[in-house]
Amino acid sequence: QAQLVESGGGSVQTGGSLTLSCAASRDTGSNGPMGWFRQRPGDEREDVATATISTDGRINYADSVKGRFTISKDSANNILYLRMSRLRPDDTATYFCATRRRAWYGPVAPKAREFDIWGQGTQVTVSS
């Protein structure tokens, strides 16, 4: 069964850093895009990705995290990372990793509805 397992969440103060990891099982495939999505307390999960890597390697970020977050992928081991720095209280959320088997190409970032394999989420709390 295709599986994604996130880790690395935690509690930090404003200005701190965290790195999230997402380990993908072999049967998720290696051709699909991968991304991070977040769900703030009391809100629905955002349809716009926090960050994505498309099949052709294109990277997209939400405007709110540009310059602070970095997405990367260890393709050999099928692990997705999200390095988060200069964290703010409004970054507090559950962060979900997502992928799908079908490829995604082009400059437009895939939305949440384009993904069908999801992790269980990891909590990030940023205190002021």
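Just so it is clear, the model here is predicted, and its values are computed rather than measured.
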Hits for salt bridge (charged side-chain N to carboxylate O under 4.0 Å, His left out) against Arg101, two or more places apart or cross-chain, chain-then-number order -> none
So disulfide (SG to SG under 2.5 Å) across residues 51-93, not counting sequence neighbours, yields none
Residue set satisfying salt bridge (charged side-chain N to carboxylate O under 4.0 Å, His left out) with Glu46, at least two apart, ordered chain then number -> Arg38, Arg40
Contacts satisfying disulfide (SG to SG under 2.5 Å) that involve residues 48-79 (not counting sequence neighbours) are none
The remaining residues in the hydrophobic cluster of Trp104, counting side-chain heavy-atom contacts under 4.5 Å among Ile, Leu, Val, Met, Phe, Trp and Tyr, are none
To the nearest 0.5 Å, atom CG of Asn60 lies from atom OG1 of Thr52 at 4.5 Å
Residue set satisfying salt bridge (charged side-chain N to carboxylate O under 4.0 Å, His left out) with Asp43, at least two apart, ordered chain then number -> none
The reported gap from OG1 in Thr92 to CD in Gln123 (rounded to nearest 0.5 angstrom) is 7.5 Å
Students should find that the hydrophobic cluster of Val124, defined by side-chain heavy atoms under 4.5 Å apart, otherwise consists of Leu4, Val12, Leu18, Leu20, Met34, Trp36, Ile53, Ile59, Tyr61, Val65, Phe69, Ile71, Leu80, Leu82, Met84, Leu87, Tyr95, Ile117, Val126
Between Asn31 and Ala103, the two heavy atoms sitting closest are ND2-CB, 3.4 Å
Output for pair (Gln120 CD, Thr94 OG1), nearest 0.5 Å, gives 10.0 Å
What one should report as the nearest heavy-atom pair of Pro33 and Pro110 is CB-CG, 4.2 Å
All heavy atoms of Gly106 vs all of Ser54, minimum pair found to be O-OG, 4.2 Å
Disulfide (SG to SG under 2.5 Å) pairs touching residues 95-128, sequence neighbours excluded, are Cys22-Cys97
Residue pairs meeting salt bridge (charged side-chain N to carboxylate O under 4.0 Å, His left out), one or both in residues 79-89, sequence neighbours left out, come to Arg88-Asp90
Quick note, salt bridge (charged side-chain N to carboxylate O under 4.0 Å, His left out) partners involving residues 61-81, not counting sequence neighbours, are Asp63-Lys66, Arg68-Asp91
Sorted by chain and residue number, the ring-ring contact (aromatic ring centres under 6.0 Å, His included) partners of Phe37 (sequence neighbours excluded) come out as Phe115, Trp118
Applying salt bridge (charged side-chain N to carboxylate O under 4.0 Å, His left out) to Arg113 and not counting sequence neighbours gives Asp47
Smallest heavy-atom separation, Ala2 atom then Asp27 atom, equals CA-OD1, 3.2 Å
